[in-house]
Amino acid sequence: MTQLRPEEGPPGPGRRLTAEFYERDAVTVARALVGAWLEVDGAGGIIVETEAYAPDDAASHSYGGVTPRNSAMFGPAGHAYVYRSYGLHWCFNVVTEPGSAVLVRALMPLVGIEAMYARRGVEDERKLCSGPGRLTQALAIDGGHDRRPLDQPPFLLAEGLSAPSVVSGPRVGITRDVDRTWRFGLRGTRFVSRAFR
DNA sequence: GCCTCGATTTTCT
DNA sequence: GAAAATCGAGGCC
């Protein structure tokens, strides 16, 4: 069981992630991002939940080619793809190989927590970043971050936990290609959007 | 705790 | 016109 008490967690980010990290298939990067550090303008923590989306994947926005919304998925790896979900929420993705991306679904809050509470308007720590829409609201990510490089401010993506225990399961909220178990999570944390089983 | 519902953008039929 | 990579509120148990 991965230890998740804040006092035992990483004090901060390790080495910044580079192009070689992102220029791989989405499933590999999605698994590798669990336990990584994500920070946006001083607010962030450890990524605890991701999902992979690939070009030949009917559940992916990139399935069927380039549109104005998904064009970031066909741009350089290591940049952001931010889109609006259900007309209300923003969702933050990391672009990997062409037409591929990793949806970041949940985060363990560690720094800038006061700013997150203020942006979210909730009092429950578990509701700060446990879900793609909640995470973007807590970190103040919106459409203006679409296509921006992740190796420059306001973003900081870096190594986090040294050897995270990663579990997987089916992706959330999709109806096509439902059998691909491309949702990944950190074992034992309460900060995921829903339990793995 | 579970279920239903509505808000609202983008895409596809 | 319908569905979608969602969330939060309100009703019920």
Side-chain angles (χ1 to χ4, degrees), chain A residues 22 25-34 36 38 40 43 47-75 77 79-109 116-148 150 157 166-186 190-197:
Chain A
Y22 299 110
D25 67 275
V27 173
T28 299
V29 176
R31 190 182 281 109
L33 278 174
V34 173
L38 168 62
V40 182
I47 294 171
V48 298
E49 186 181 344
T50 62
E51 282 179 2
Y53 289 90
D56 65 345
D57 166 15
S60 174
H61 288 173
S62 60
Y63 190 75
V66 185
T67 66
R69 178 175 66 157
N70 72 14
S71 65
M73 288 185 78
F74 295 90
H79 286 231
Y81 166 43
V82 180
Y83 70 90
R84 197 184 284 281
S85 172
Y86 290 88
L88 288 166
H89 313 286
W90 295 104
C91 289
F92 170 69
N93 298 249
V94 173
V95 177
T96 68
E97 287 180 335
S100 305
V102 175
L103 172 65
V104 180
R105 292 186 53 89
L107 188 78
M108 180 194 311
M116 296 192 208
Y117 277 116
R119 291 163 181 159
R120 291 279 298 120
V122 298
E123 307 197 350
D124 182 351
E125 182 182 38
R126 296 173 61 170
K127 290 185 175 178
L128 282 182
C129 298
S130 57
R134 292 167 173 174
L135 183 149
T136 55
Q137 187 179 31
L139 300 186
I141 295 172
D142 62 23
H145 294 93
D146 191 35
R147 313 181 68 89
R148 301 262 295 268
L150 300 174
L157 268 92
V166 179
V167 294
S168 64
R171 294 174 290 181
V172 173
I174 59 168
T175 57
R176 298 186 291 183
D177 272 324
V178 294
D179 292 334
R180 302 191 201 223
T181 53
W182 285 1
R183 175 178 178 239
F184 301 98
L186 183 65
R190 66 189 199 281
F191 290 100
V192 293
S193 63
R194 33 206 277 198
F196 287 80
R197 48 164 297 158

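Chain naming here is simple, since letters A, B, ... match the order of the sequence lines and numbering starts at 1 in each.
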If the sugar-phosphate is the primed atoms plus P, OP1 and OP2 and the base is the rest, what is the B/S/- string for nucleotides 7-13 of chain C, using protein heavy atoms under 4.0 Å? SS-----
Measure the shortest side-chain to side-chain distance between A/Glu125 and A/Phe191 over non-hydrogen atoms and say whether it is less than 4.5 angstrom. yes
Using the P atoms only, state how far C/dA5 lies from B/dT13, rounded to an integer number of Å. 14 Å
With respect to the side chain of A/Val172, which nucleotide from C/dT6, C/dA4, C/dA5 is positioned closest? C/dT6
Partners passing side-chain hydrogen bond (donor to acceptor under 3.5 Å, both in side chains) against A/Arg120 (at least two apart in sequence or in another chain): A/Gln137
Partners meeting side-chain hydrogen bond (donor to acceptor under 3.5 Å, both in side chains) with A/Thr136 (sequence neighbours left out): none
Only counting residues at least two apart or in another chain, list the ones meeting side chain to side chain contact (heavy atoms under 4.5 Å, CB included) with A/Asp179. none
Within-4.5 Å side-chain heavy-atom neighbours: A/Arg134 and A/Cys129: no
Name all residues meeting the side chain to side chain contact (heavy atoms under 4.5 Å, CB included) criterion together with A/Ala52; count only those two or more places apart in sequence or in a different chain, and write none if there are none. A/Ala26, A/Val27, A/Ala30, A/Trp182
Side-chain donor-acceptor pair present, A/Ser71, A/Arg147, cut-off under 3.5 Å: yes
Nucleic acid contacts of residues 49-70 of chain A, taken as heavy-atom distances under 4.0 Å to DNA chain B: A/Thr67, A/Pro68, A/Arg69
How would you list all residue pairs meeting ring pair (Phe, Tyr, Trp, His ring centres under 6.0 Å) that involve residues 116-144 of chain A, not counting sequence neighbours? none
A/Trp90 atom CH2 is separated from C/dA5 atom P, nearest whole Å, by 16 Å
No-H, no-angle donor-acceptor pair, A/Tyr86 side chain to C/dA5 base, under 3.5 Å: no
Check: residues 83-104 of chain A side-chain donor-acceptor pairs under 3.5 Å, at least two apart:
residue, atom, partner, partner atom, Å
A/Arg84, NH1, A/Leu88, O, 3.3
A/Asn93, ND2, A/Tyr81, O, 3.1
A/Thr96, OG1, A/Arg24, O, 3.4

Non-hydrogen side-chain atoms of A/Val192 and A/Leu186 separated by less than 4.5 Å: no
Among all residues two or more places apart in sequence or in another chain, which pass the side-chain hydrogen bond (donor to acceptor under 3.5 Å, both in side chains) test with A/Asp142? none
Paired and unpaired positions of DNA chain B as dot-bracket, Watson-Crick or G-U wobble under 3.5 Å, | denoting a partner strand: |||||||.||||.
Along DNA chain B, 5' to 3', what are the outermost nucleotides having an atom less than 4.0 Å from a heavy atom of chain A? B/dA7 to B/dT11
With P as the reference atom in both, quote the distance from C/dA2 to B/dC5 in angstrom, rounded to an integer. 16 Å
Among residues 138-145 of chain A, which ones have heavy-atom contacts with DNA chain C below 4.0 Å? none
